[in-house]
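Let me begin by presenting the structure, written as structure tokens, before commenting on it.
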Amino acid sequence: MSALAIRLAGIAMESPLVLASGVLGTTASSLRRVALAGAGAVTMKSCSLQPRAGHPAPCILPWGGGILNAVGLSNPGAEGAAAEIAEFKRTCPVPLFASIFAGSAEEFGRLAGRIAGAGPDLIEVNVSCPNVQSEFGIPFAADPDACGRVARAVKDAAGSIPVSIKLSAQCASLARMAEACQRNGADAITAINTAGPGMWIDTGTGRPVLSNRVGGVSGPAILPIAVRAVYEIRKAVDLPIIGTGGVSCANDALQLIMAGADAVGIGSAIYGGGIGLFGEINRGLEDFLKEGGYDSIGRVQGLAHREDRP
Amino acid sequence: MSALAIRLAGIAMESPLVLASGVLGTTASSLRRVALAGAGAVTMKSCSLQPRAGHPAPCILPWGGGILNAVGLSNPGAEGAAAEIAEFKRTCPVPLFASIFAGSAEEFGRLAGRIAGAGPDLIEVNVSCPNVQSEFGIPFAADPDACGRVARAVKDAAGSIPVSIKLSAQCASLARMAEACQRNGADAITAINTAGPGMWIDTGTGRPVLSNRVGGVSGPAILPIAVRAVYEIRKAVDLPIIGTGGVSCANDALQLIMAGADAVGIGSAIYGGGIGLFGEINRGLEDFLKEGGYDSIGRVQGLAHREDRP
Amino acid sequence: MSGRSLAMSSHEMHTLPVKQVVFHHDGLKSFVFPRAFDAEPGQFVMLWIPGVDEKPFSVSDVTDGKIEITAKAVGPFSRALMNCKPGDRLGLRGPFGRGFRPRGRGLVVGGGMGIAPLRYLVHRLEQDRASFRIVLGARTAEEMMFVGDFSRLGAQFATDDGTLGRQCLVTSLAERLCEEERFDLIYGCGPEPMLVALKKLADRAGIDCQLSLERHMKCGIGICGSCCVDGSGICICREGPVLDRAELDLVADFGLPHRDATGARKDAPAMA
Amino acid sequence: MSGRSLAMSSHEMHTLPVKQVVFHHDGLKSFVFPRAFDAEPGQFVMLWIPGVDEKPFSVSDVTDGKIEITAKAVGPFSRALMNCKPGDRLGLRGPFGRGFRPRGRGLVVGGGMGIAPLRYLVHRLEQDRASFRIVLGARTAEEMMFVGDFSRLGAQFATDDGTLGRQCLVTSLAERLCEEERFDLIYGCGPEPMLVALKKLADRAGIDCQLSLERHMKCGIGICGSCCVDGSGICICREGPVLDRAELDLVADFGLPHRDATGARKDAPAMA
Ligand SMILES: Cc1cc2nc3c(=O)[nH]c(=O)nc-3n(C[C@H](O)[C@H](O)[C@H](O)COP(=O)(O)OP(=O)(O)OC[C@H]3O[C@@H](n4cnc5c(N)ncnc54)[C@H](O)[C@@H]3O)c2cc1C
Ligand SMILES: Cc1cc2nc3c(=O)[nH]c(=O)nc-3n(C[C@H](O)[C@H](O)[C@H](O)COP(=O)(O)OP(=O)(O)OC[C@H]3O[C@@H](n4cnc5c(N)ncnc54)[C@H](O)[C@@H]3O)c2cc1C
Ligand SMILES: Cc1cc2nc3c(=O)[nH]c(=O)nc-3n(C[C@H](O)[C@H](O)[C@H](O)COP(=O)(O)O)c2cc1C
Ligand SMILES: Cc1cc2nc3c(=O)[nH]c(=O)nc-3n(C[C@H](O)[C@H](O)[C@H](O)COP(=O)(O)O)c2cc1C
Ligand code: FES
Ligand code: FES
């Protein structure tokens, strides 16, 4: 078994690297491509019960420190997503994580049931997308009770399929959010979704570039926020964590792992590095383990929580 | 009069660029140096009633996307700060903004009275420093009521000296924070303080590098968050805004101005650009105005709030 | 530790004043922007009309310090574009994607709006003193773009109504040329059914082809996944839009209905 | 639009295993790190002992792929450093600041720990075949570092107790040399009172000097302001630590009490 192999909520993965939701994740074909490039698991774009076209373009904007996006959760709906899941599972052995979002705990439950039927390896629950707040009221990801109810509803509907709740750093206490997830049966936590939100103004016209004016901030700019978030969550709960945010090289991935992540999501960095990044980072992690004399990636997990005085 | 001249809360400034608090801002000498380099006003490092040594090093860490800091508000105390203010005012005509922080509205008031006596041109109220939360309880900057009480206490103590409240983007609603400031007599708003907090882990040792483990995120990484914050505040209130966060070139400064800022704070970028940045950005702004046929910087302020449909 | 920046500064959004508008006929115009660009033929830019939308457009020419795109009015965005005048500021990001990789003796085949990027291609081929032939098709003479430019380079034309050149499909012209002459590579851009025919022609002739595909695009930077083809899953915005024969063999939806803005498969094939 | 990154990758924190520890005497050691550095003589690094603190240390030598610093036990940090062994990982950021700018015929004057950076300076001067003389002072022979190295280059020594060279202040040696020979530049590093004397000597002799100052440092990157001198307000970590005569004229607290970690002026002059 390779030094990078892990088990996450019972799922065997060849590498801790996970394709983050919303990036190259709509179709079975693109997900398979990323899986073959070396991802230990791939996450689908979040889907809703009904199809959504999302916001008009520009909805994705690289700006030098990362990416701003307000895609508006475009997706082909539960039917379409289920078909892609089924096709992926038929043609690719790599674990597939579905991702769902809805407007109420009850709707989350219904959607989870529908998606569970298609047989993903895990269901990620996107309670934290900043692009649809106005549509769905208070973000679940800032309210431990609401988030707990969503976790419970999805868990009840998902049967034996493990459930990960995807949190945002924009809340008063990540520890309290994580505890609410654990109390309500979540099998894992994904953190973080995009930060911000942010705005980019074109000074030639004086206009916000994104059609939605504001969008979530991802990419290198948010790495330290993601590292801190994972560190806080690891202090609070012992659920597996899919640490995500700003990773673009093996050293970044190691920071999240040392902060306490079991697996590491990668999204925006694919812009700069292409999907070849998965292979590169796998190799970088292997080299790191070899040089340090560690026999598995698990050995360095959570290292940053050791007592600080030497 | 130069095209860059502005009035902010009654204060005449030759340029909208302001040295942000905490950067080269402890001594009259260093403040004067930045003033001579082209800043329209300079803000002092935040001071407390008593001197503070702050956190051990490393407390400031450049990481590629900006700076992480947990200086821990080291400062020579109100006595020392007042002496620096007096010396600065004796030797330099550029407006000087004091900055204060305290543990309660009452203490804020006392400190403001002490500092007002030294004659700064404005008192900035740091309700938003992330590095001392655990010491002072809930951050004022996330609670409109508490923040309003601080604003009122400082305003009452400051006499005729205008007061700006410095907000953080880490709150549920910047609009509500800004309204609370306005209602309680604030003359201006400064936004934003550092984002995050963030953590950086040295993967060679597995340790968080900052002695405080976490620190505020500043520099280029936070520009889109600052632009969005200023945009939200401008929508909510008509107080002058000192837009701050991630500015490192004239185009960045213009984004904040078009989002609604009257003046623009610059801090972390001095690491990459030195204090010569003030002159460079002034020239960049002048060139922009000339090319666009604008006779003053006020003409482009808030441009991003025009109706969006063409 | 390597750099931490995603910056590819030309990929940031820049608005530029339109420098010149070239009127071809109603609903068909070229727009020239004052920006030094080192786009390859076949690459595209994302064009933003503030307040409207942002869409991909192929580069139809690059001359020193200037870049040109050519657009046809077919829907809300392209109609709004037709109203843009010199001095209006539009946003450009790019250039994106992988363009044509010229090699050997080429047969350049274009149809409809697909002619636009080929104009820049033949300018480059000419400059590189490459040997090539051109065949172009459109519905009518009026819709045939850059006729003077292409005629000078010996292009043959086909129209549906016979108002210019032969009254036949451009693929018939291409087939005949392939029987008469030896080519190393077929360059193609146009409606997907035309591309499917060209691919078959290349397969039969046993030569390579480089065909430019269109898929729904949102980001242009290989992130959103909306332009990924079925089968191999590659991104048209990043690894395309120009694919070679081997790559096309792995496009499961080549010539078939592909995906819309939601990511669902749609029933009608895309316009081109 | 220019790059948006603050990255100066060598300024990020890197921990490195100590490669070698050189024992000079109790409480005085050099530490060698395996890192290719292009530091100039007079520049410094920020040295982090994880879990302890981070402090500035001058580079005492750079050889291919290796960098060395030399430290004396005077307080909690430097005592913790004395316990570090080969293989221990310490953090390095840098190099920072503006070092010596060699020019003409030089007089190199060092005192106490100030001798460390001068070692790297004279290695460079030697390599550049510059003409220079060296005078060094310390309390005792034992505290005089790198005696062999400096002797080879003709250094003269002064000690407080006469255990090595003359029993006098190093500034007396410098003064005498200045009377006897012609120099273009005095390089100095050591306790601030020594630097004040050297500045006076340079003023009297009408030649330039480059003296390395110490101030309380936190960031090393010209941000926190804790190292700014009174008067001109310049940052010692960025525009220093080596200042020339004109710059020194504008240091209002030269030789006077300067500031502590709070930013307040303190009463005792800093150690050096
Ligand atoms: C790589 C590439 C290069 C292109 N080059 C040119 C060009 O040089 N000249 C030109 O006139 N057009 C070009 N197009 C098409 C162009 O991007 C627009 O699709 C077209 O202008 C129609 O947009 P609309 O809003 O006016 O019409 P709509 O009514 O919105 O769309 C008409 C059809 O255009 C296609 N389309 C719409 N939106 C997109 C989108 N975001 N991405 C891809 N296809 C879309 C769909 O097939 C749709 O059915 C190119 C497309 C691609 C993918
Ligand atoms: C540019 C520069 C280069 C230096 N080079 C060397 C060197 O090559 N070798 C060496 O042994 N020492 C050097 N020092 C001094 C070194 O940084 C430490 O100050 C010294 O090791 C004492 O630290 P301590 O905690 O052990 O003692 P402490 O008891 O904490 O301090 C003793 C004295 O050191 C000074 N000091 C403490 N902290 C700092 C700080 N953060 N920044 C600046 N001065 C401080 C103060 O004057 C203090 O009174 C240099 C300092 C500077 C500014
Ligand atoms: C274009 C884009 C679309 C995204 N869409 C989703 C989504 O649908 N669901 C979700 O949970 N997260 C979504 N995200 C967030 C990412 O999954 C990830 O949490 C975030 O981008 C931080 O990781 P990164 O810095 O590696 O991109 C999206 C991110 C981007 C850039
Ligand atoms: C090293 C450092 C120290 C700071 N200290 C203070 C402070 O004392 N008071 C305060 O209000 N803000 C402080 N800030 C925040 C800045 O004033 C500013 O709001 C923030 O850094 C964002 O601006 P920038 O990206 O231009 O640095 C500090 C920032 C840095 C980097
Ligand atoms: S358009 Fe987004 S991946 Fe191609
Ligand atoms: S040490 Fe921070 S400015 Fe010099």
Side-chain angles (χ1 to χ4, degrees), chain B residues 22-34 36 45 47 51-54 56-67 69 71 74-77 79-81 83-84 200 202-207 209 211 219-221 223 246 248-249 251-252 267-275, chain D residues 1-17 46-56 76-77 88-91 93 216-235 238-239 250-253 258-266:
Chain B
V23 174
L24 298 179
T26 305
T27 69
S29 298
S30 63
L31 287 161
R32 197 167 48 222
R33 187 140 188 272
V34 176
L36 297 177
K45 170 87 191 155
C47 74
R52 289 170 58 101
C59 57
I60 298 184
L61 187 73
W63 54 277
I67 287 176
N69 97 77
V71 171
S74 59
N75 79 88
E79 276 325 302
E84 303 292 339
W200 195 261
D202 168 59
T203 55
T205 58
R207 283 172 185 277
V209 174
S211 71
L223 176 66
S248 60
C249 64
N251 195 65
D252 298 347
S268 305
I270 292 172
Y271 161 47
I275 59 170
Chain D
M1 206 169 310
S2 65
R4 192 159 303 290
S5 163
L6 282 181
M8 302 190 176
S9 67
S10 65
H11 288 187
E12 286 183 8
M13 176 68 81
H14 298 265
T15 57
L16 293 170
M46 295 297 289
L47 182 73
W48 175 43
I49 310 181
V52 181
D53 206 332
E54 189 194 31
K55 301 267 175 183
F77 182 87
D88 288 355
R89 286 190 86 96
L90 302 182
R93 295 191 290 136
H216 192 84
M217 288 187 185
K218 293 184 177 177
C219 71
I221 59 169
I223 283 290
C224 71
S226 68
C227 70
C228 293
V229 299
D230 283 346
S232 66
I234 70 166
C235 274
R238 185 175 181 123
E239 292 145 295
L250 303 172
V251 178
D253 56 359
H258 30 261
R259 289 164 190 275
D260 66 13
T262 72
R265 277 201 193 84
K266 57 181 178 182

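Numbered from 1 within each chain, the chains take letters A, B, ... in sequence-line order.
In this structure, the separation between OH on B:Y271 and CD1 on D:I223 is 9.0 Å, given to the nearest 0.5 Å. Rounded to the nearest 0.5 Å, atoms SG (D:C219) and CG (B:L61) are 11.0 Å apart. In this structure, B:I270 CD1 and D:C235 SG are separated by 9.0 Å, a value rounded to the nearest 0.5 Å. Note: D:I234 CD1 to B:I275 CD1 = 10.0 Å, rounded to the nearest 0.5 Å.
The candidate from B:S74, B:P58, B:G80 with the greatest count of non-hydrogen atom pairs under 4.5 Å with chain D is B:P58. The choice from D:G225, D:C227, D:A264, D:G231 that makes the most heavy-atom pairs within less than 4.5 Å of chain B is D:G231.
Proximity to chain D (any heavy atom under 4.5 Å) is shown, for B:E79, by neither the backbone nor the side chain. Heavy atoms of D:L16 lying under 4.5 Å from chain B are absent altogether.
Residues meeting the side-chain contact (heavy atoms from CB on, under 4.5 Å) test with D:D230, sequence neighbours left out: B:T27, B:S29, D:A252, D:D253, D:R259, D:R265. Under the rule for a salt bridge (Lys or Arg N to Asp or Glu O under 4.0 Å), the partners of B:R33 that lie at least two apart in sequence or sit in another chain are D:E239.
Annotation for D:G222 and B:L24: closest pair O-CD2, 3.6 Å, computed over non-hydrogen atoms. Here the shortest heavy-atom pairing between D:E12 and B:W63 reads OE2-O, 3.0 Å. Shortest non-hydrogen contact noted between D:K218 and B:C59 is CB-SG, 4.2 Å. Between B:D202 and D:H14, the closest heavy-atom pair is OD1-C, 4.4 Å.
Remark: side-chain polar atoms of D:R89 are paired, donor with acceptor, to backbone N or O of B:G204 under 3.5 angstrom.
Put simply, the side chain of D:C228 does not reach to within 4.5 Å of the side chain of B:T26, judged on heavy atoms.
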